[in-house]
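Here is the naming used below: chain letters follow the sequence lines, and residue numbers restart at 1 for every chain. Worth saying up front: this structure is predicted, and the values here are computed from it rather than measured.
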Amino acid sequence: MPISVRLPDDSVRELRDGATGADLAQGIGPRLLEASLAIKVDGHLQDLNAPLPDGVKVALVTSKDPNSLEILRHSTSHLLAQAVKRLFPEAKAGIGPVIEDGFYYDFQVEKFFTPEDLVAIEDEMRKVSQEAHAVVREDLGRDEAIARFQAMGEPLKVELVSDIPADEKISGYRQGDFYDLCRGPHVPNTNKLKAFKLLHVAAAYWRGNEKNAQLCRIYGTAFHTQKELDEHLRRLEEAKARDHRKLGKELGLFSFHPEAPASPFFHPKGTIIYNLLVDFMREHYRVEGYSEVITPQALDVSMWKTSGHYDKYKENMYFTEVEEREYALKPMNCPTHCLIFGAGKQSYRDLPIRYADFGRLHRYERSGVTQGLTRVRTFCQDDGHIFCAPEQMKAEMASFFTFIMKIYDTFGFEEVRVMLSTRPEKRIGSDDIWDLAENALADGLREAGIDFKESPGDGAFYGPKIEFQVLDALKRPWQLGTLQVDYFLPERFGLRYTRADNTEGTPVMLHRAILGSLERFMGILIEHCAGAFPVWLAPVQLTVLPITDRVQAYAAEIRDKAQALGLRAEIDLRNEKVNAKIRDAQMQKIPYMLVVGDREAAEGTVSVRHRQKGNLGGQSLEAFFTQVLEEVRTRAHDHL
RNA sequence: GCCAACUUAGCUCAGUUGGUAGAGCAGCUGAUUCGUAAUCAGCAGGUCGUAGGUUCGAAUCCUAUAGUUGGCUCCA
């Protein structure tokens, strides 16, 4: 009995019974067969060599299909495992999934792989690829699979298979001397795998559990063509060049010292940016109806017991003792804001009350988790807490959404992803209140027409949270802002307000931040703009470059005028050629360089050079200043 | 916290099997006065992360410790 399948163009093809995707591709043309990696059957990916059922819709998957890269990478991870088993037969294979931008494979080994091992493994992978092994699916019963992996000396695989219900079929793949547990699908032959690279080794806990043994993980990536691979490696280099730790040092923004691990020291230039960010937020707070407050750094532990931090957050806090009283440095501002709210009698007429706080926070982070400015032990949030009546919550959420988007837009973060993180295991309060809080956030998002994904179990101990992620110039996601609903803290601190009918109510507390932490935000911003800050944030906005000593006085006059206008201006009086001065200014990413020589001095003009646009030619001082001041006023950002 | 790697001049990095440190840039001094990404010359600069140990002798080998990096686990 022949079978028939329907192609994407709705044409129908007759095939012999038992025909595979490969047969189909061959029938259409040998070039298509060559280009095909898998096949979609009624929308589901399948191996090219699997028999096709009758009457299905099929689509051959070539490198043009977005799913094909995943298949390619998955197959490459098997190729990696095969090569490792050849060179290191004693290595026990763990798992080898596809991840964003590549894949990894975990191995249990006596001695961790070295970079030299990686080179050898990669060479072996190339060999296996050239040997052109067919990749063949071999399904087994569960017990059969356990027996096989036991015989192969793969205890980790045995463990994985043992967790699968006894009656389930186990799918696996064979390529030459290598067999692996896998759902598939895979490319039909190892010779399809040509453009790959192993990137680095790292440790990873078996099954992601800290209590388990650590395996040696090899990270790699693969692409359809060498050209795409090279392009990807180039992007990695580009990301490295933008690393905020590197740029922070080169641009003189901040430094780190062993005296205070994971705690940034902001130098004058970094402090300028830091303060400008705070000013920027303050300016919006005035419009949005926030009142700034200042609260203490060290507070009695009794307060942290009331707030629940002592129970649920203790391992992240710093403690100190004075006069036999125990204090903790604040890891968050919220309890202090509750104390301020509770200090007076509040009426419904006063609500919502919005407190903003740029207080310094300290959180003890385990030594291995800190990273540059993005994960530090002391930082400052653009923190705010809104106390409102339950019926005001929706409106507060809606106006916060507009607020946050406006801020992100200023920095050129055009794409924003939103996550809803729900109740974690470690939490305070009853489940019905959590239901209430989670629903409030989800409804708020839906009403605002904001798409979001759920992230179960990732909420704060006192409430669920909405997290706002932005994509930077290299399309990397970063978490910045947050909005959290909290019914518990107001309750625990006994906060009340008087309603219009003279009864008492408990306010709802919204925790919110937009930049997240100033430290992390600065780190992300540095990487986003590659250190070339928008003019309003640039620590030095312009530098005057006199060509000869004869025009030093004129150059100084320009610098003084710029400073009088409130611009951050410098002058380069070094005995250097103008080329050298330009080079240094470029490396410092100073937005504007004003080259002045005898000609400019005579005409009373400046020759303007922009760090990205290059030489803009002569301009009158007035025209130049007007334009730069406008750029600063509007907080313009470069479209990169 | 765990695993691995790294730590040499202000910065970026050399330093071969252990034989008492080297370059470029930056800095200082001098010469040069120059039109859009590095002018030339000279000088100065380091108890090789820290503390122990092995050795006739340690930047190099061993141990401990601190910090950083890549991951894991956690997280703004």
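- Where A:Glu250 and A:Phe113 each meet RNA chain B at their nearest nucleotide, the meeting point lying more 5' is that of A:Phe113.
- Rounded to a whole Å, the CD atom of A:Gln108 is 15 Å from the P atom of B:C3.
- Here A:Glu576 lies in heavy-atom contact (under 4.0 Å) with a base.
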Study note, to complete from the structure: Protein heavy-atom contacts under 4.0 Å, written 5' to 3' over nucleotides 62-76 of chain B as B (base), S (sugar-phosphate only) or - (none), form the string -----SSSSBBBBBB
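- Here B:C3 presents its C1' atom at 17 Å from CZ of A:Phe107, a figure rounded to the nearest Å.
- As rounded to the nearest Å, B:A9 and B:G22 have C1' atoms that lie 10 Å from one another.
- Under the Watson-Crick or G-U wobble criterion, with both distances below 3.5 Å, B:A4 is paired with B:U69.
- Between A:Tyr310 and A:Phe319, the ring-plane angle classifies as perpendicular under the 30° and 60° cut-offs.
- Within the 4.0 Å cut-off from OP1 or OP2 of B:A37, not a single side-chain nitrogen or oxygen of A:Arg611 is found.
- Here B:C25 presents its P atom at 18 Å from CD of A:Gln588, a figure rounded to the nearest Å.
- Base pairing annotation: B:G22 forms a Watson-Crick or G-U wobble pair with B:C13, both donor-acceptor distances under 3.5 Å.
- When the P atom is compared between B:A5 and B:C62, the two are found 11 Å apart, to the nearest whole Å.
- Searching all strands for a Watson-Crick or G-U wobble partner of B:G52 with both distances below 3.5 Å returns B:C62.
- Look at A:Lys246 and you won't find any side-chain N or O under 4.0 angstrom from OP1 or OP2 of B:U12.
- Below 30°, between 30° and 60°, or above 60°: for A:Phe488 and A:Trp434 the angle between ring planes is between 30° and 60°, a tilted geometry.
- As rounded to the nearest Å, B:A64 and B:A4 have P atoms that lie 12 Å from one another.
- Remark: A:Arg217 qualifies as a cation-pi partner of A:Tyr104 under the 6.0 Å distance and 45° angle criteria applied to the six-membered ring.
- Between the side chains of A:Thr370 and A:Arg377, no donor N or O sits under 3.5 Å from an acceptor N or O.
- Contact annotation for A:Glu315: no contact, since no heavy-atom pair falls under 4.0 Å across all strands.
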Point to revise | Nucleotide-resolved protein contact map, nucleotides 43-50 of chain B, B/S/- at heavy-atom distance under 4.0 Å | key: --------
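- A salt bridge (charged side-chain N to carboxylate O under 4.0 Å, His left out) check over residues 261-279 of chain A, counting only residues at least two apart or in different chains, returns nothing.
- We find that CD1 of A:Ile582 is positioned 6 Å from P of B:A37, with the value rounded to whole Å.
- For the pairing with A:Glu519, the salt bridge (Lys or Arg N to Asp or Glu O under 4.0 Å) check across A:Arg363, A:Arg375, A:Arg360 returns one residue only, A:Arg360.
- The aromatic rings of A:Tyr219 and A:His200 are tilted relative to each other, their planes meeting at an angle between 30° and 60°.
- Contact annotation for A:Arg599: base contact, defined as any heavy-atom pair under 4.0 Å involving a base atom.
- Comparing the same atom, P, in B:C11 and in B:U17 gives a spacing of 28 Å after rounding to whole Å.
- Atom pair A:Asn212:CG and B:C3:P shows a separation of 15 Å (rounding to whole Å applied).
- To the nearest angstrom, P of B:G10 lies 20 Å from CZ of A:Phe254.
- At the heavy-atom level, A:Asn579 lies under 4.0 Å from the strands shown only through sugar-phosphate atoms.
- Taking atom C1' in both B:U29 and B:A44, the straight-line distance is 10 Å, to the nearest Å.
- Atom-to-atom, CE of A:Met587 to C1' of B:A26 comes out at 10 Å; the value is rounded to the nearest Å.
- Taking a pair to require two hydrogen-bonding distances under 3.5 Å in either a Watson-Crick or a G-U wobble arrangement, B:U39 pairs with B:A31.
- Using cut-offs of 30° and 60° on the angle between ring planes, the pair A:Phe461 and A:Tyr313 is tilted.
- In this structure, A:Phe413 and A:Tyr408 have perpendicular ring planes: the angle between them is above 60°, well past the 30° mark.
- Below 30°, between 30° and 60°, or above 60°: for A:Phe521 and A:Phe411 the angle between ring planes is above 60°, a perpendicular geometry.
- In this entry the distance linking NZ of A:Lys249 with P of B:U7 reads 13 Å, nearest Å.
- Distance noted for atom C1' between B:C28 and B:G67: 31 Å (whole Å).
- For the P atoms, the distance linking B:A58 with B:A51 amounts to 15 Å, nearest Å.
- Note on A:Lys581: nothing from the nucleic acid sits closer than 4.0 angstrom, heavy atoms only.
- The aromatic rings of A:Tyr285 and A:Phe358 are tilted relative to each other, their planes meeting at an angle between 30° and 60°.
- Comparing B:U33 with B:U20, their P atoms are spaced 46 Å from each other, to the whole Å.
- Of the candidates A:Lys406, A:Arg354, A:Arg512, A:Lys406 is the only one forming a salt bridge (Lys or Arg N to Asp or Glu O under 4.0 Å) with A:Glu288.
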